[in-house]
Amino acid sequence: MSSQNIYILGIESSCDDTAASIIYNGRILSNVIASQKIHEEYGGVVPELASRAHQQNIVPVVHQAMEKAGITKDKLNAIAFTRGPGLMGSLLVGTSFAKSLAYGLNIPLIDVNHMQGHILAHYIDEDGYDKPPFPFLAMTISGGHTQIVKVDHYFDMTVIGETIDDAVGEAFDKSGKILGLGYPAGPEIDKRAALGNPKAFKFTKPKVDGLNFSFSGFKTAVLYFIQREVKANPNFIEENLNDICASIQYTIIGILMDKLKLASKQTGIKHIAIGGGVSANSGIRKALKEGEQKFGWTTYVPKFEFTTDNAAMIAIVGYLKFLEGDFAKQDVIASARLKI
Ligand code: KG4
Ligand code: ZN
């Protein structure tokens, strides 16, 4: 079979988005996402509701991805799916669907690590986007993970730093909850931060050795600060919301950038990529660009549609594994705590 003619269907169902994408020789033909609005009412993802919504969404989403790509299923060369990490019930829906479709079509099945997806999304062929050369550093920042990964090759990755408690996305979301913002709060904090003064309020940065992160103390600091201020002035939040958001975002970005600088210094690597939902944040994007001037970095920031969970990132990993002949067996099982 020519490596010039490969169609991969990617399926992502690790958390609260059901997504499917068709990639043809590394280029996207379609990238469909059904986001689950139901969780907004609860201020966070409810696992049982997520898996039920995946069950409802998966057939129409895959169907739509094929339709948008203009292909029929007999054209597919392989099916890639997120094996983990993520919510077990959610992962099971995508895994079972992918297995049965691959079995029915008699084509290879490819298991994908969601975190590798966030990192390798940079290898989707897109006009005007450069791919990072090996080795590079990838910082994955999402609602579930915060890691710095040294990437020596597509499937030769080492986690050199990670959070010891909350993920950075949780720091945004939990701070937002304290302020009475909706879920997920990251995008709204980002918008309001642009209108506020980042130095209006000071939050101390956690002290964690080496390249690891910690965000649970930060969240508690925000809680105590707000409780104290609201006691003195019940309108404190409304009167200062943009400044509070700007100060929270400024502190979080400072924490991320400190560790990234240290990682670059320790490894001598100056090619730096980011991935995951929080890489949509305009403050972190700006800080990285500044790193290019200050530290001689070359930075790789994904297009917005590839920052939050999507299936194109799963399909591109599927394509890269397909080229290596790295397939999964039918008895592969979902793994909620899958490691890189
Ligand atoms: O990668 P993702 O879609 O799902 C996980 O795998 O977790 O990341 C979702 C996270 C949420 O915590 C959300 O608040 C955060 O990404 N996020 C942002 C922004 N957009 C999404 N955080 C800060 N600024 C943003 N613009
Ligand atoms: Zn993710």
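Because only heavy atoms are used, hydrogens play no part in the values below, and waters and symmetry mates are left out as well, while side chains stay in. Start at 1 and go down the list; that is how both ligands and their atoms are numbered.
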Next on the checklist: What I want to know is whether F172 and ligand 1 share at least one N or O pair that is separated by under 3.5 angstrom.
Outcome noted: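 No; the residue has no nitrogen or oxygen that sits under 3.5 Å from a nitrogen or oxygen of the ligand.
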
Contacting atoms of ligand 1, where contact means under 4.0 angstrom from a heavy atom of [X]:
{"X": "H114", "result": "6 (O)"}
{"X": "G169", "result": "12 (O)"}
{"X": "P184", "result": "13 (C), 14 (O)"}
{"X": "H118", "result": "1 (O)"}
{"X": "G144", "result": "7 (O)"}
{"X": "G186", "result": "14 (O), 18 (C), 19 (C), 22 (N), 23 (C), 24 (N), 25 (C)"}

Next on the checklist: By the salt bridge (Lys or Arg N to Asp or Glu O under 4.0 Å) test, which pairs, at least two apart or in different chains, include something from residues 72-89?
Outcome noted: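 Listed once each, the pairs are R83-D111.
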
Next on the checklist: Suppose we call two aromatic rings close when their centres sit under 6.0 Å apart. Are Y123 and F134 close by that rule?
Outcome noted: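 Close enough - the centres of the two rings lie under 6.0 Å apart.
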
Top protein contact for [atom], by heavy-atom distance:
{"atom": "atom 14 (O) of ligand 1", "result": "D173 OD1, 2.7 Å"}
{"atom": "atom 26 (N) of ligand 1", "result": "D190 OD2, 2.9 Å"}
{"atom": "atom 21 (C) of ligand 1", "result": "G277 O, 3.4 Å"}
{"atom": "atom 7 (O) of ligand 1", "result": "G143 N, 2.8 Å"}

Checklist entry - Among N281, D309, D16, I284, whose heavy atom sits nearest atom 23 (C) of ligand 1? => result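 Among N281, D309, D16, I284, the closest heavy atom to atom 23 (C) of ligand 1 comes from N281.
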
Checklist entry - Relative to atom 15 (C) of ligand 1, which among V278, T308, T307 owns the nearest non-hydrogen atom? => result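 Shortest heavy-atom distance from atom 15 (C) of ligand 1: V278.
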
Can a side-chain donor-acceptor contact be found between [Y] and [X] if the only test is distance below 3.5 angstrom?
{"X": "H118", "Y": "D309", "result": "yes"}
{"X": "H114", "Y": "E12", "result": "yes"}
{"X": "N233", "Y": "E239", "result": "yes"}
{"X": "H122", "Y": "D130", "result": "no"}

Next on the checklist: Taking K289 first and then E292, would you say they form a salt bridge - that is, a charged N and a carboxylate O separated by under 4.0 Å?
Outcome noted: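 Result for this pair is yes, salt bridge flagged.
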
Next on the checklist: Check contact between K191 and ligand 1, using heavy atoms of the residue and a distance below 4.0 angstrom.
Outcome noted: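 Judged by the 4.0 Å heavy-atom criterion, K191 does not count as contacting ligand 1.
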
Checklist entry - Does at least one non-hydrogen atom of C15 fall below 4.0 angstrom from an atom of ligand 1? => result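 So C15 does not count as touching ligand 1.
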
Next on the checklist: Can you list everything that forms a salt bridge (Lys or Arg N to Asp or Glu O under 4.0 Å) with K174? Sequence neighbours excluded, please.
Outcome noted: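 So K174 forms a salt bridge (Lys or Arg N to Asp or Glu O under 4.0 Å) with D166, E170.
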
Checklist entry - Around the Zn ion (ligand 2), what protein N, O or S atoms are found below 2.8 Å? => result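 Protein N, O or S atoms closer than 2.8 Å to the Zn ion (ligand 2): H114 NE2, H118 NE2, D309 OD1.
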
Next on the checklist: Whether the side chain of T146 engages the backbone of V168 through a donor-acceptor N/O pair (distance < 3.5 Å, no angle test) should be reported.
Outcome noted: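 Flag set: sc T146 to bb V168 pair under 3.5 Å.
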
Item to check | Y300: hydrophobic cluster co-members (side-chain, 4.5 Å) | outcome: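 Cluster partners of Y300: none, it stands alone.
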
Checklist entry - Can you find a pair of side-chain heavy atoms, one from E162 and one from L211, that are under 4.5 Å apart? => result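 No. Closest side-chain heavy atoms not under 4.5 Å.
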
Next on the checklist: Which heavy atom of S142 sits nearest to which heavy atom of A167, and what is that distance?
Outcome noted: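 Of all heavy-atom pairs spanning S142 and A167, the closest is O-CB, 3.5 Å.
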
Next on the checklist: Can you confirm if the NZ or CZ of R192 lies within 45° of the ring axis of F172 and under 6.0 Å from the centre of its six-membered ring?
Outcome noted: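 Judged by the rule, R192 and F172 form no cation-pi pair.
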
